[in-house]
Trainee: 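Quick one: structure below, then a few questions.
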Amino acid sequence: MHASAFRLVRALASFSCFVALVAYDDAFAQAKRAMTVDDVIDLVQVSSPRIAPDGRRVLYTLSELGKWKDNKRVTSIWIADADGGNAHRFLANEKDRAAAWSPDGRSVAFLSTRDASPGKSDGDTADSGAQIYVIPVDGGEATKLTDHTGAIRSFEWANDSASIVFLAEHAKTDSEKASEKSGDDAIFVDEGANGQERAEFNALWRIAILDKAEHRVTHDDRLLIENFRVSPDGRRIAVVYRRENTRNGQYHAEVGVVDAASGALTTVTHNNAPEQNVQWSPEGKLLSFLAPSDTSWELAEEKLWVVAAEGGAAPRKLTGSFNGAIAQYAWTADGQSIVFGATTRARGAVYRLNVASGAVAPVAAGEWSGRVESVSADGRRGVAVVSTPTTPGEVNLIDMASGALTPITRVNAAKMAGFTLSQFKAITWKSKDGLDVEGMLWLPADYRPGTKLPLLLSVHGGPAGAWDVSFRGIDHVYTSLGWAVLEPNVRGSSSYGDALLRGNMKDIGGGDYQDLMSGVDKLIADGVADPDHLAIRGWSYGGILGGWTLTQTTRFKAASLGAMVADWSSEYAMGFNHDVRLWYIGGTPWESSDNYRRQSAYTHIAKVTTPTLLLHGERDTTDTIGQSMIYYQGLKDRGVPARFIRFPREPHGFREPHHVRTRDAEEIAWLMKYARGIDWKAPERKDADKTPDKKTTDQ
């Protein structure tokens, strides 16, 4: 063949390949579709990563949607190499949970109700049927270690891997069981171990791995131990404990040390601060813990403290100048540093703290959400569940020297590749008083600047919560329907430092309301938001501030309020009140009646004209369901379009997939109808039950 002809054939072949690739790319792009409510429900969830002591393998919990008719998620415990290879189901029984490596890395202990007698709960909370099991890591069957009669709540390996210390509630006597069965089951509120609900005091126990010999460690019958850690030499156990269980009594917690042989308890702290997460230094001389203060219950981010294990000295604050929300932490093997996970300005990060100087240095940070949850014995590797606005949470390995993140799991990668996702960016604006406010803005995938969109203002819970840079599937659903979604981190939000956290003290519904509205005004001025199509949604404090907002403005055409409080006085005894009493309003309803009345949305309900959907779980004890009923009835009696959906069995955060779907689909339909004049209905699931479980009151 002539050279020029050969070049022509080769060129045509290359062009054909190019055309084929373009066609493939176009077809692939066209194959992508918008996320739906069901897509969000169907996502796999990962949690509780635990790295092996040698840093080579990782355990984690995987949660998948079961059969739709069963209305539950199914969990299992998986194991993978630290590089993500060889991932497989380690414990297949959905009743297994709380897996923990032995310090020598040879075994894993876990809690399970796999052998519980019929009729006992096998849910995701501790119950009287849960026992400790142990399984070899490299092959073999799980063996039942305990056969304890009291409800086991948690456990920890001793450092020599020869025994396990566990926390269990006091077992009821046969006489007590018979009395309760016969109907003598009255609950004496705030007496004994009871709070607002029935509870039992607890105790620490120790069990040997080889012969299963079990003995009780603590003998004080009036202890409520919340957190404990075994000392490096196994001779002492650090505890955070209380002696009463009042609803707002967390400040009664103290740090103490239990002698493992005698059971004697020595109290180390003496204050009115709510301590938590106590740990030992590697040499066993210091205790560390988290608390906002060493004197009282302050509105402040958690600080790291150390105190001499033998007591007698005041705690020393290690993170006084650090601005961020500290979560899990771990001592390094040399005892000179502590590594901790934190959220700073709504972004995940890992830090290293010099114990002697208090200097804090970043290890890993970026535009992601996640906190280190477990660290290898040598401190070189950590693991965290990390997500971004476009990536659901995945277990990641963190190099504690370089800060590099390496995904271990990719449980949703294939599914996510088929969706068109929102544009996302963080924006800032000036509030009415000049305060700088940051918010998260979600826009449709195909959004072009200059296009005005209906705006959904989404208010976070708390008040001391925050919108971080994590994946939120519902926002992708809303943007696919043409909405812009704005999530402001108003004053009172966490992770931005104590000054902003305290910014709404004695002022809820004041400055934080202005922060919301100034964010809306910015997007209108920028040509993003259409002022004629505004809606608002919120859950918990988001529902509270959302409900308040409707009493202050008529700009919103539709609203969805979940788990809200309408009247602070009537909620004072029913839900949590320490934050309202100490910080957000101040005083009690009888001491500050005018303030409680003035700052309650229900006082101003006559001003509300916005069509409002109310959502509430019937077992919510954080914000009780009567509060939504109050707001709903105030709207109904005045002829304002309102709908109230009650969800049986649900607490503050929903658990049942059917309810999650109903909640989200009904919210979208309501906001679409009243803010945009569109009748919208979620497509039916192919596996859907035709008899949904919901109670609805509407006009």
Side-chain angles (χ1 to χ4, degrees), residues 248 299 456-467 486-494 501-517 519-520 535-553 556 558-586 589 592 595-605 607-608 610 612-617 620-635 642 644-646 650-654 663 667:
N248 295 279
L299 179 56
L456 178 56
L457 179 64
S458 190
V459 190
H460 69 63
W467 292 119
L486 177 63
E487 301 172 326
N489 282 334
V490 299
R491 66 194 71 198
S493 299
S494 62
L501 182 65
R502 295 176 179 143
N504 61 348
M505 289 183 71
K506 309 290 179 66
D507 187 43
I508 49 172
D512 49 5
Y513 165 73
Q514 297 296 341
D515 298 343
L516 293 179
M517 300 312 297
V520 172
I536 186 170
R537 69 187 292 265
W539 194 270
S540 191
Y541 185 69
I544 297 169
L545 184 53
W548 173 266
T549 297
L550 301 185
T551 71
Q552 305 299 301
T553 180
F556 295 97
S560 171
L561 309 177
M564 61 99 71
V565 173
D567 179 62
W568 290 115
S569 292
S570 61
E571 185 69 3
Y572 182 80
M574 312 307 294
F576 290 107
N577 67 38
H578 67 271
D579 52 355
V580 177
R581 174 172 48 85
L582 295 175
W583 310 318
Y584 298 128
I585 294 180
S592 306
N595 291 340
Y596 271 75
R597 178 174 170 78
R598 183 176 60 253
Q599 292 178 252
S600 293
Y602 189 61
T603 302
H604 315 285
I605 194 75
K607 299 178 181 178
V608 180
T610 302
T612 303
L613 173 70
L614 293 117
L615 309 160
H616 219 123
D620 191 337
T621 58
T622 301
D623 298 331
T624 56
I625 193 169
Q627 293 297 319
S628 287
M629 192 72 215
I630 289 172
Y631 204 91
Y632 165 76
Q633 198 63 48
L635 298 180
F644 181 23
I645 307 178
R646 303 167 59 105
E650 294 291 6
H652 197 58
F654 284 13
R663 178 197 66 194
E667 178 185 85

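Keep in mind that what you see is a predicted model, and the values were worked out from it rather than measured.
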Trainee: So which of Asp512, Asp515, Asn504 actually passes side-chain hydrogen bond (donor to acceptor under 3.5 Å, both in side chains) with Arg491?
Mentor: Asp515

Trainee: Only counting residues at least two apart or in another chain, list the ones meeting ring pair (Phe, Tyr, Trp, His ring centres under 6.0 Å) with Tyr602.
Mentor: none

Trainee: Give a yes-or-no answer on whether the side chains of Tyr541 and Asp579 include a donor-acceptor pair shorter than 3.5 Å.
Mentor: no

Trainee: For the residue pair Ala464 and Ser494, what are the closest heavy atoms and their distance?
Mentor: O-OG, 3.4 Å

Trainee: Mind listing the closest non-hydrogen atom pair of Val490 and His460 along with its distance?
Mentor: N-NE2, 4.2 Å

Trainee: Do the side chain of Trp467 and the main chain of Leu486 share a donor and acceptor less than 3.5 angstrom apart?
Mentor: no

Trainee: For Ser540 versus His652, what's the shortest heavy-atom pair and its separation?
Mentor: OG-NE2, 2.9 Å

Trainee: Answer yes or no: are there more than 12 heavy-atom neighbours, outside Arg597 itself, under 6.0 Å from its atom CZ?
Mentor: no

Trainee: Is there a side-chain contact between Leu457 and Pro488 (heavy atoms, below 4.5 Å)?
Mentor: yes

Trainee: Within the structure provided, determine whether Trp568 and Ile508 are in side-chain contact (heavy-atom separation under 4.5 Å).
Mentor: yes

Trainee: To the nearest 0.5 angstrom, please state how far the CG atom of Leu456 sits from the OG atom of Ser560.
Mentor: 8.5 Å

Trainee: Roughly how far, to the nearest 0.5 Å, is the CG atom of Leu613 from the CG atom of Leu561?
Mentor: 8.0 Å

Trainee: For Tyr631 and Gly547, indicate whether the former's side chain and the latter's backbone hold a donor-acceptor pair under 3.5 Å.
Mentor: yes

Trainee: Give a yes or no answer on whether the side chain of Ser569 reaches the backbone of Tyr596 with a donor-acceptor pair at less than 3.5 Å.
Mentor: no

Trainee: State which residues pass salt bridge (Lys or Arg N to Asp or Glu O under 4.0 Å) with Glu667; sequence neighbours excluded, sorted by chain then number.
Mentor: Arg537

Trainee: Could you tell me how the ring of Trp583 sits relative to the ring of His578: parallel (under 30°), tilted (30 to 60°) or perpendicular (over 60°)?
Mentor: perpendicular

Trainee: Are the side chains of Arg581 and Ser592 in touch, meaning some heavy atoms are under 4.5 Å apart?
Mentor: no

Trainee: Quick one: does any side-chain atom of Asp623 pair with a main-chain N or O of Met564 as donor and acceptor, under 3.5 Å?
Mentor: no

Trainee: Are Thr549 and Met517 side-chain neighbours, meaning at least one heavy-atom pair lies under 4.5 Å?
Mentor: yes

Trainee: Has the side chain of His604 got a donor or acceptor atom that lies under 3.5 Å from a matching backbone atom of Arg598?
Mentor: yes

Trainee: Indicate the atoms forming the closest heavy-atom contact of Thr610 with Phe556, along with that distance.
Mentor: OG1-O, 2.9 Å

Trainee: Answer with yes or no whether the side chains of Ser628 and His616 bring together a donor and an acceptor at under 3.5 Å.
Mentor: yes

Trainee: Can you sort out the partners of Gln552 under side chain to side chain donor-acceptor pair (under 3.5 Å), two or more places apart, ordered by chain and number?
Mentor: none

Trainee: What is the minimum heavy-atom distance between Thr551 and Ala601, and which atoms define it?
Mentor: CG2-O, 3.6 Å

Trainee: Between Gly546 and Ile536, which heavy-atom pair has the shortest distance, and what is it?
Mentor: CA-CD1, 3.9 Å

Trainee: Using modelled atom types and a 3.5 Å cut-off, is there a donor and acceptor pairing between side-chain atoms of Gln627 and backbone atoms of Ala563?
Mentor: no

Trainee: Just how far is it from atom CG of Leu615 to atom CZ of Arg663, taken to the nearest 0.5 Å?
Mentor: 8.0 Å

Trainee: Does the side chain of Glu571 reach to within under 4.5 Å of the side chain of Val580, using non-hydrogen atoms?
Mentor: no

Trainee: Distance from Leu545 atom CG to Leu550 atom CG, nearest 0.5 Å?
Mentor: 10.0 Å

Trainee: So, do Glu650 and Asp620 sit near enough that their side-chain heavy atoms are less than 4.5 Å apart?
Mentor: no

Trainee: Would you compute the distance between atom OH of Tyr584 and atom CE of Met505 and round it to the nearest 0.5 angstrom?
Mentor: 8.5 Å

Trainee: For the pair Phe644 and Tyr632, name the ring-plane relationship: parallel under 30°, tilted 30 to 60°, perpendicular over 60°.
Mentor: tilted

Trainee: Taking atom CG of Asn248 and atom CG of Asn577, what is their separation to the nearest 0.5 Å?
Mentor: 3.5 Å

Trainee: Are the side chains of Leu635 and Ile605 in contact, using a 4.5 Å heavy-atom criterion?
Mentor: yes

Trainee: Below 4.5 Å, heavy atoms only, C-beta onward: do Leu582 and Leu299 meet side chain to side chain?
Mentor: no

